[in-house]
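A quick write-up on the structure given underneath.
Just so you know, ligand 1 is whichever comes first in the structure, and atom 1 is the first atom listed for that ligand.
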Amino acid sequence: MMERREKLYEGKAKILYATDDPDLVIQYFKDEATAFNALKKGVIENKGIYNNAISSTLFAWLEEQGVRTHFVRKLSDREMLVRRLRIIPIEVVARNIVAGSLAKRLGLAEGTPLPRPIVELYYKRDDLGDPMINEDHVAVLDLATAAEVRSMREQALEVNRRLSKYLEERGLRLIDFKLEFGRHKGGLLLGDEITPDGCRFWDIATAEKLDKDRFRRDLGGVEAAYQEVYRRICGGG
Ligand code: TMP
């Protein structure tokens, strides 16, 4: 039994609670959704339940594949027990197919396959709108060591390889995704979540978007998309 203690932090989609074990925290998944640095706000019915289940399944599977994550176990519909990390304030984005900000920045058509995956770094700073940064900025701001950046890049590419194949077997194309890492007992662990909030998933058969772009772009069928990803990954609903 793992009891929820005081609230440590509330983000846009999740709340972190302390437990009686200083090394463990509870990650609670909310239904709230934001986009464009919280300019757009809404609720996606049951998103917290789907995202907790999707993330728990993917973290447990990645652990089996040798990727070290903060995941301990799923506690309830909306709660996941995780190791307490000191989060590195860098969003690591990996991309296989042009979409979103990359389409805009480089003037490429959304849906264009990239000849090889791209990894990008963003400074996790809401007040600055999460600007893209490179290794020099990371060093000057002292956000992470060169070895940590190398490790995060390698792990992002490794997760990309494994997850792309896993999702393909479930009829989903992994277009791009965002990861966050944190320090734990002298090592780096994959943290945060892996869900349709922070990934782009397109149906392989129809190219239909099954992720948060349905909310960002007012495409409708938002909850149904999260439920469909849940069904394909967790085999439920
Ligand atoms: P982007 O195309 O908007 O840069 O997004 C790339 C990927 O990163 C996409 O799968 C969504 C995810 N993402 C987040 O998880 N949080 C964010 O704040 C942003 C901008 C993107």
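- For the pair E135 (side chain) and A146 (backbone), a donor-acceptor distance under 3.5 Å is absent.
- Checked against M2 for a side chain to side chain contact (heavy atoms under 4.5 Å, CB included), the options V72, D20, L24, V25 give a single hit: L24.
- Between R200 and D211, none of the side-chain N atoms (NZ, or NE/NH1/NH2) sits under 4.0 Å from a carboxylate O, so this pair counts as no salt bridge.
- The proximity of R216 to ligand 1, defined as any non-hydrogen pair under 4.0 Å, is limited to the side chain.
- Of all the atoms in ligand 1, the ones that sit under 4.0 Å from a non-hydrogen atom of C199 are 10 (O).
- In this comparison of R105, K178, R200, M132, the heavy atom closest to atom 5 (O) of ligand 1 sits on R200.
- No side-chain donor-acceptor contact under 3.5 Å links T19 and R84.
- Nearest protein heavy-atom contact of atom 17 (C) of ligand 1 is E91 OE1, 3.9 Å.
- Proximity of atom 20 (C) of ligand 1 to the protein is not indicated, since no non-hydrogen protein atom lies closer than 4.0 angstrom.
- N37 and D130 share no side-chain donor-acceptor pair at under 3.5 Å.
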Exercise for the section: Would you please test E158 and R162 for salt bridge (charged side-chain N to carboxylate O under 4.0 Å, His left out) and show each step? Expected result: CA-CA 6 Å; E158 180 68 18; R162 293 183 184 275; 2.6 Å; yes
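- Between R95 and ligand 1 there is a heavy-atom distance shorter than 4.0 Å.
- With hydrogens and angles disregarded, no donor-acceptor distance shorter than 3.5 Å links the side chain of D31 to the backbone of V43.
- Taking every heavy atom of F177 and a limit of under 4.0 angstrom, the matching atoms of ligand 1 come to 10 (O).
- The protein heavy-atom contact nearest to atom 9 (C) of ligand 1 is D176 OD1, 3.1 Å.
- Within a 4.0 Å radius of atom 11 (C) of ligand 1, the protein contributes one or more non-hydrogen atoms.
- For ligand 1, the atoms lying closer than 4.0 Å to a non-hydrogen atom of G100 are 2 (O).
- Between S101 and ligand 1, at least one pair of N/O atoms sits closer than 3.5 Å.
- For the pair E45 and E223, the tightest heavy-atom approach, listed with the atom from each and the gap, is O-CG, 3.1 Å.
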